[in-house]
Structures are given as structure tokens and as C-alpha cells.
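Okay, so here's the structure we're looking at.
Just follow the structure's listing: the first ligand is 1, and inside any ligand the first atom is 1.
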Amino acid sequence: MRAIRFETTGGPEVLQLVELPAPRPGAGEILIRHQAVGLNFIDTYHRSGLYPVALPSGLGVEGAGVVEAVGEGVERFQPGDLAAYASGPLGAYAELHVVPAERAVRLPAGIDVSIAAAALLKGMTAEFLLRRCHPVAAGETILIHAAAGGVGQILVQWAKQLGAVVIATVGSEPKAERVRALGADHVILYRQEDVAAQVRRITGGAGVPVAYDSVGAATFDATLASLARRGLFVSYGNASGPPPPLEIGRLARAGSMFLTRPTLFDYVASVEELDESAAALFAIIASGGVRIEIGQTFPLAEARAAHEALEGRATTGASLLIP
Ligand SMILES: NC(=O)c1ccc[n+]([C@@H]2O[C@H](COP(=O)([O-])OP(=O)(O)OC[C@H]3O[C@@H](n4cnc5c(N)ncnc54)[C@H](OP(=O)(O)O)[C@@H]3O)[C@@H](O)[C@H]2O)c1
């Protein structure tokens with residue numbers, strides 16, 4: 001099979017297309033023939049070394065396709081089922097991949113394989129952020145950074161379904177247009193405007209009870225300054241680099257703030273949580289409440305170009321690799 005591997009960490013140029021023997025599923029595992037592979041920002045952290053992995057390594061944590069074989073003891077799937085997964089193991093950038101059966105979900109009728117690969121990781125992230133990390137209430141005004149991105153677009157739409165007033169930040173005017181079309185109530189161009197000042201203006205000085213920040217270093221101070229007293233800072237990504245170290249007293253001085261640094265893995269840690277999160281996502285997609293934009297597709301062999309586009313802020317919505 002064809003797969004992308006890397007032997008050293010670095011820029012997109014470390015990604016290499018190689019031929020490997022087809023893997024076989026062990027006990028409790030399934031073999032999936034990918035029809036689509038999800039591209040995620042976390043893939044760039046694994047490739048660059050920001051999140052260390054044992055080398056040499058495969059890349060990618062999300063894919064969807066047909067179950068080709070099941071290992072001993074697997075009852076959750078049968079050959080021929082359509083399945084998707086979103087929490088590894090690393091190696092999704094390949095024609096075939098073996099994953100634990102309890103880390104994969106079956107696709108319900110009506111959910112296209114490409115949509116599943118584009119949405120499972122990003123959409124379950126939106127699910128836990130909006131429903132469990134902080135249960136967003138109708139009427140709350142919330143701040144969502146990088147709102148035109150893969151996770152961002154789902155957050156905006158799902159938050160609107162929950163009745164929130166959404167303040168969205170984006171890096172360009174075309175992305176602003178996109179998130180307005182998705183229902184964002186207020187859009188801030190965070191490369192030009194003072195985010196905290198705009199949030200205070202929009203909220204009549206109060207600030208927001210929760211802010212979802214996936215940008216990290218570049219937005220950390222503005223996010224903290226945008227929160228209402230006793231607000232929750234959800235730092236869930238590092239697209240511009242990791243946030244700076246925090247002196248805890250800053251949380252007190254800012255207004256008795258809460259700070260959490262969640263990862264999807266801890267919110268879908270059990271098979272029950274995984275199934276519940278995926279079911280909520282598939283239901284809101286099926287209802288039309290959340291539409292998944294596949295903004296870009298790349299052949300598997302062009303994984304480097306895909307990483308350049310994602311890190312170069314040149315993508316909107318979700319991106320797929322097609323084996
Ligand atoms: N904690 C978790 O469990 C979890 C799970 C999934 C995703 N995430 C995080 O969520 C974020 C979004 O992931 P995604 O895959 O959907 O990616 P994405 O949002 O489609 O792409 C990242 C976006 O971040 C913005 N950005 C701001 N500063 C940037 C910079 N210096 N370099 C590159 N991009 C920058 C860009 O949008 P603009 O052009 O509008 O600025 C860019 O399009 C990532 O930070 C990811 O790590 C976390």
C-alpha cells in the first residue's frame with residue numbers, strides 16, 4: 001500500500017510517499033480501506049515535533065472507509081461496514097490502516113464517507129467544547145477564534161443551534177464572509193482589530209463567559225482580556241504556537257478566571273463516550289443544523305502541499321487527503 005511516512009521532524013518537506021506491506025488486524029482491531037483521510041492541524045504538530053512521536057512514523061489520526069477485515073474477538077464491526085475513526089493510532093495518511101475496533105464508529109445511513117472523514121475529529125471536538133467543557137446556554141455571547149477553519153465552522157453553526165450569540169474571529173475578509181454566512185453574529189478581523197476592545201464593545205463592557213481559543217500564542221492575552229468576570233478560557237490549540245507560560249495570579253487579576261486545556265481524547269476516552277459524541281455529531285449533520293464544508297481535497301501523494309496550505313492559513317473548512 002502507499003503511505004506517507006517521516007523519519008525526522010521538520011517542515012512539510014520531511015513527508016515522504018512510500019510503499020509498505022498491507023497491514024493485518026490483530027485481536028480487537030479492524031483493517032479499514034480508506035476512501036478519505038481527514039487533515040487536521042494536530043498532524044502538523046506531530047510532523048514538526050511540537051507533539052513528540054517515536055520516529056520513523058506514519059502520520060494522521062482520522063480516516064473513513066470500508067472495513068476490509070476484522071481481528072479476533074471483534075463484534076462491533078463486520079467486513080463491508082463503513083467506519084470512521086478520529087483518535088489514531090498515527091498512520092491515517094495511507095491507503096489502509098489498522099485501528100482498535102473500540103476507537104472506530106460505524107457510519108449511519110445518510111452520512112457520506114467523505115463527510116465523516118472531514119467531520120469526525122473536528123465535530124466531536126466541537127461537541128465536547130460546546131456541550132461538556134462548558135455547556136453553552138441559549139442567549140450566552142461566546143467568543144470563537146479561527147472561526148472559518150475546520151473546527152471553527154462547526155463550532156459557529158453548533159453554537160447557533162444552541163441559541164448562543166457568536167463573536168467570531170478570522171484572518172481575512174473572505175473568511176469573514178464565510179462565517180457570517182454560517183450565522184456568526186459579530187466578526188472580528190483579528191489580524192487588524194483589537195479583539196478585546198471589540199468584544200467589550202459588543203458585550204456592553206461585560207466580556208464573554210467563555211472563549212474558545214485554538215490559536216494559542218498570538219491570541220492568548222486578547223482572549224484573557226475578553227472574558228467576563230469568572231469566565232472560562234478554553235485553550236484547545238496552538239495554530240500560532242503554544243501559549244506563553246502563565247503566572248497563576250494573572251487569572252485572579254483578570255477577574256477570577258478559569259482556564260482549561262482540554263483534548264478530545266479525554267472526552268471520548270471510553271467507547272460509550274465515543275459513541276455518544278459521534279452520534280450527537282451525526283445527528284446534527286443529518287438535521288442540517290451543521291453543514292460540513294470540504295474546502296480542499298488533495299491526493300495522498302500531495303500531503304506536503306496540504307500541510308503548506310493548512311499552516312499557511314490558506315484553507316477554509318475541512319481538508320481531505322484522497323488515497
Ligand atoms: N484540543 C483538541 O482536542 C483539539 C481537537 C481538534 C483541533 N484542535 C485545534 O483546533 C485548531 C483548529 O484545527 P483545524 O484542524 O480545524 O485547523 P483550521 O482551523 O482549519 O486551521 C487553523 C487556522 O488557524 C488560524 N491561524 C491563526 N494563526 C495562525 C498561524 N500563525 N498559523 C496558522 N494558522 C493560524 C488560521 O485561520 P485564519 O486565517 O482565520 O487566522 C488557520 O486557517 C488547531 O489549533 C487544532 O490544534 C484541538
Side-chain angles (χ1 to χ4, degrees), residues 11-12 37-48 50-51 59-62 86-88 92 117-130 132-134 144-158 168-180 182 184 187-193 195 211-220 222-223 233-243 259-269 273-274 277 281 290 292-296 298 306-321:
V37 172
L39 182 74
N40 290 287
F41 219 89
I42 193 172
D43 307 342
T44 71
Y45 307 148
H46 289 139
R47 189 212 70 222
S48 71
L50 179 65
Y51 294 177
L59 193 61
V61 294
E62 179 178 41
S87 54
L120 190 62
L121 191 152
K122 300 168 188 74
M124 291 196 302
T125 300
E127 184 280 316
F128 88 76
L129 290 174
L130 296 172
R132 292 187 281 155
C133 210
H134 168 91
I144 298 173
H145 284 304
V151 177
Q153 287 201 7
I154 303 176
L155 281 174
V156 170
Q157 297 175 81
W158 203 324
T169 68
V170 294
S172 67
E173 191 51 55
K175 290 186 179 184
E177 282 300 308
R178 182 78 196 117
V179 298
R180 275 189 206 105
L182 294 176
V187 183
I188 300 172
L189 289 163
Y190 56 8
R191 297 170 87 164
Q192 300 158 30
E193 298 178 80
V195 171
Y212 296 103
D213 188 340
S214 63
V215 175
T219 47
F220 188 86
T223 301
F233 188 139
V234 184
S235 172
Y236 75 100
N238 335 274
S240 67
L259 170 69
T260 183
R261 200 331 181 169
T263 70
L264 172 62
F265 188 80
D266 288 311
Y267 283 82
V268 293
E273 285 174 340
L274 174 69
S277 186
L281 171 67
V290 167
I292 304 301
E293 182 194 12
I294 300 173
Q296 310 64 218
F298 301 84
H307 276 225
E308 282 163 7
L310 190 58
E311 289 176 298
R313 308 172 78 157
T315 62
T316 49
S319 307
L320 293 179
L321 297 175

Pull out every atom of ligand 1 sitting under 4.0 Å from any heavy atom of [X], numbered as shown with elements.
X: Val170; answer: 40 (O)
X: Asn238; answer: 45 (O)
X: Glu311; answer: 32 (N), 33 (C)

Give the residue, atom name and distance (to 0.1 Å) of the protein heavy atom nearest [atom].
atom: atom 16 (O) of ligand 1; answer: Val151 N, 2.8 Å
atom: atom 48 (C) of ligand 1; answer: Tyr236 O, 2.8 Å
atom: atom 25 (C) of ligand 1; answer: Tyr190 OH, 3.6 Å
atom: atom 19 (O) of ligand 1; answer: Gly149 CA, 3.4 Å
atom: atom 11 (C) of ligand 1; answer: Ser214 CB, 3.4 Å
atom: atom 18 (P) of ligand 1; answer: Gly150 N, 3.7 Å
atom: atom 26 (N) of ligand 1; answer: Arg313 NE, 3.7 Å
atom: atom 23 (C) of ligand 1; answer: Ala146 CB, 4.2 Å

Regarding ligand 1, does [X] bring an N or O atom to under 3.5 Å of one of the ligand's N or O atoms?
X: Gly171; answer: yes
X: Lys175; answer: yes
X: Ala239; answer: yes
X: Gly152; answer: no
X: Tyr45; answer: yes
X: Gly237; answer: no
X: Ile42; answer: no
X: Phe41; answer: yes

For ligand 1, the portion of [X] having any non-hydrogen atom under 4.0 Å away:
X: Val215; result: side chain
X: Arg261; result: side chain
X: Leu121; result: side chain
X: Thr125; result: side chain
X: Ala147; result: neither

Heavy-atom side-chain proximity of [X] to [Y] below 4.5 angstrom:
X: Phe41; Y: Val151; value: no
X: His307; Y: Leu39; value: yes
X: Val170; Y: Leu189; value: yes
X: Thr260; Y: Cys133; value: yes
X: Thr219; Y: Val195; value: no

If we only consider heavy atoms of Ala148, is any one of them less than 4.0 Å away from an atom in ligand 1?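 No.
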Report yes or no: does Arg191 have a heavy atom closer than 4.0 Å to ligand 1? no
Rounded to the nearest 0.5 Å, what's the gap from CG on Leu281 to NZ on Lys122? Could you check?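 Atom-to-atom, Leu281:CG and Lys122:NZ are 11.0 Å apart.
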I need the Asp266 CG to Arg132 CZ distance, nearest 0.5 Å.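 Rounded to the nearest 0.5 Å, the CG-CZ separation comes to 10.5 Å.
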For a quick test of reading the model, state the closest non-hydrogen atom pair linking [X] to [Y] and the distance between them.
X: Pro242; Y: Ala217; result: O-CB, 3.4 Å
X: Leu320; Y: Ala118; result: CD2-N, 3.7 Å
X: Arg313; Y: Gly171; result: NH2-CA, 4.4 Å
X: Gln296; Y: Ser319; result: NE2-OG, 2.8 Å
X: Ser235; Y: Pro262; result: O-CD, 3.5 Å

If you measure only the distance, is there a donor-acceptor pair under 3.5 Å linking the side chains of His145 and Thr169? yes
For atom 31 (N) of ligand 1, tell me which residue out of Ala86, Ser87, Ser240 has the closest non-hydrogen atom.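 Looking at heavy atoms only, Ser240 sits closest to atom 31 (N) of ligand 1.
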Using the six-membered ring wherever Trp is involved, compare the ring planes of Tyr45 and Tyr51 and label them parallel, tilted or perpendicular (cut-offs 30° and 60°). tilted
In a check of side-chain contact (heavy atoms from CB on, under 4.5 Å) between Thr125 and each of Thr263, Leu120, Asn40, Leu264, which one passes?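 Of the listed options, the one satisfying the test is Leu264.
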